[in-house]
There are 2 protein chains.
Amino acid sequence: MRILVVEDDPKISSFVKIGLESYDCTVDMAYDGTIGEKFALSRKYDVMILDVVIPGISGFELCKRIRNNNILTPVIILTSLDSVEDKLTGFECGADDYLVKPFSFQELFARIKALNRRSKEAFVSPVLKVLDLELDSITRKVRRSDREINLTATEYKILELLLSNKGRVFDRILIAEKIWGFSFNSGTNVIDVHINSLRKKIDKDFSQKLIHTKKGFGYVLSEEPQT
Amino acid sequence: MRILVVEDDPKISSFVKIGLESYDCTVDMAYDGTIGEKFALSRKYDVMILDVVIPGISGFELCKRIRNNNILTPVIILTSLDSVEDKLTGFECGADDYLVKPFSFQELFARIKALNRRSKEAFVSPVLKVLDLELDSITRKVRRSDREINLTATEYKILELLLSNKGRVFDRILIAEKIWGFSFNSGTNVIDVHINSLRKKIDKDFSQKLIHTKKGFGYVLSEEPQT
DNA sequence: CTTCAACCACCAATATTCTCATAATCGTTT
DNA sequence: AAACGATTATGAGAATATTGGTGGTTGAAG
């Protein structure tokens, strides 16, 4: 994890730097706002930690400029300014969190992780999970209620598609495009057959069905019982 | 914005509820953890605010269960437990923020906005909406006043057409072209029949009608009662 | 040679779409 | 205001489309 710290107090900055590095983070330090801005705009970070009262431009101003440059990296304001007004200002400038000094390093790190979890999470999760159905894209294993299920390649691909877009309705053309790479419309019911065998393996023995038919449209994977 | 508040202290919960509602938020309240869980798992919120020390299951446990159910809604822990250990526990349970009582409502709301700003980015589901009627083209779900409505393929297509051109009058030939792909004029009243069944599902139980007839022309979807 | 995944063709069950006959409504003219 | 014709609404059932499921064929891998 790469982190930018903009802070002029050498004690605090080294305290933070050392702490973060002990958790395998790469830390860039800036001791004033102007230098901080150069870092912030030129490199990509996972999180930025900004003090407010620093030489050059203030942390608030810096945060604003970062957002004006369309950089969405999570920002934590870390400052001794503890009034509600200052906190509101911080959030208005586009900060994601505001932590008042003195602070516990553990709390700072927990907040960093929380922010980071959120920005990563949406993208890659090795295990897709809906209810008690799990698909591990690393080991390619599928389980329902901890019972392992053996899927063929095509079944797996279809399930992965539906599972990673839970709630989204796929029509047959779309499924064909995603699985076979081209759109052949109809003349065949391959998809129906594969869906059928998927259902046998995944839904048959469970009262809570996961694969639903949207008649006239296609199929969805959803935890809600079909309407 | 729809918010769940799980809090047993009536003073705090009404304080929060009134505050949020003055900012146009819809607030659901739960006074203990078990009821809170039911709400959290059955409805969709933009943010959930959890106290820790509540009857039934604790806020920490509740947060864990929410995450185990793959619900990514931002969670703020709001509690008087102010030790670093408790904070760490909160974040470990999957919370996004942790605010200690006593707190300023303004700060709480700023944190809600900050979380919401970020979680909105990832989640864009194009929803057509007129008044309390919503059509989600990804999940193909249609709701009126949060009540889910089941439409057939043709009904859905017609509604989508009207909804995405709210206020525009479509004559039958135009509707036929858009839905069936070619213009067959008259000799049939299929469209009337489908409009009729659409109305039964969408307008029948509501005093505010949305589908209107322009005699001699065709149909419009509009929120204004027609002249 | 055997096995198994992938695909295809078909049937029965079910849901949807459409036709048609009739009732209700609207606009216009008397 | 009443009456008329044109237009639209509606219910029922017939016609059609969609889908779940089964069994069989192909072709590739071991």
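Everything numeric in this text was worked out from a predicted model, so none of it was measured. Letters A, B, ... are given to chains in the order of the sequence lines, protein chains preceding strands, and every chain is numbered from 1.
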Tabulate protein N/O versus nucleotide N/O from nucleotides 2-4 of chain C, keeping only pairs under 3.5 Å, one per line.
none

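- Side chains of B:Thr213 and B:Arg199 form a contact here, defined as non-hydrogen atoms less than 4.5 Å apart.
- In this entry the distance linking CD1 of B:Ile179 with P of C:dT17 reads 11 Å, nearest Å.
- If one axis is set at each end of the helix from C:dC1-D:dG30 to C:dT30-D:dA1 from five pairs, those axes are 30° apart, to 10°.
- The pair A:Arg111-B:Asp97 counts as a salt bridge, with a side-chain nitrogen and a carboxylate oxygen less than 4.0 angstrom apart.
- Distance CD1 (B:Ile211) to C1' (D:dT8): 14 Å, rounded to an integer number of Å.
- Between A:Phe109 and A:Tyr23, the ring-plane angle classifies as parallel under the 30° and 60° cut-offs.
- Under the side-chain hydrogen bond (donor to acceptor under 3.5 Å, both in side chains) criterion, B:Gln208 pairs with no residue at all, not counting sequence neighbours.
- Salt bridge annotation for B:Asp96-B:Arg67: present, with a cationic side-chain nitrogen under 4.0 angstrom from a carboxylate oxygen.
- Applying the 4.0 Å criterion to OP1 and OP2 of C:dT17, one finds that B:Trp180 has every side-chain N and O outside that range.
- Neither OP1 nor OP2 of C:dC18 sits under 4.0 Å from any side-chain N or O of B:Thr188.
- Remark: the A:Ser197 side chain and the A:Glu155 side chain contain an N/O donor-acceptor pair separated by less than 3.5 Å.
- The ring pair (Phe, Tyr, Trp, His ring centres under 6.0 Å) test applied to A:Phe206 returns no partner, not counting sequence neighbours.
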Please list, one pair per line, the donor and acceptor atoms closer than 3.5 Å that link side chains of residues 68-81 of chain B to other protein atoms, with sequence neighbours excluded.
| residue | atom | partner | partner atom | Å |
| --- | --- | --- | --- | --- |
| B:Asn69 | ND2 | B:Arg65 | O | 2.9 |
| B:Asn70 | ND2 | A:Lys129 | O | 2.1 |
| B:Thr79 | OG1 | B:Leu81 | N | 3.1 |

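- Within the 4.0 Å cut-off from OP1 or OP2 of C:dA5, not a single side-chain nitrogen or oxygen of A:Thr154 is found.
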| request: Before giving the answer on side chain to side chain contact (heavy atoms under 4.5 Å, CB included), spell out for B:Glu7 and B:Val16 the whole-Å C-alpha distance, their side-chain angles and the decisive distance to 0.1 Å. | output: CA-CA 10 Å; B:Glu7 162 72 70; B:Val16 171; over 6 Å; no

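- The only option from B:Val190, B:Ile191, B:Asp192 that meets the side chain to side chain contact (heavy atoms under 4.5 Å, CB included) definition with B:Thr188 turns out to be B:Val190.
- Proximity of B:Leu135 to B:Glu160: side-chain heavy atoms (C-beta onward) are separated by under 4.5 Å at one or more points.
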| request: Let me have a per-nucleotide readout for nucleotides 14-30 of chain D, 5' to 3', with B, S or -, counting only protein heavy atoms under 4.0 Å. | output: ----BSSBB--------

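- Note: NE2 (B:His194) to P (D:dA9) measures 14 Å, nearest angstrom.
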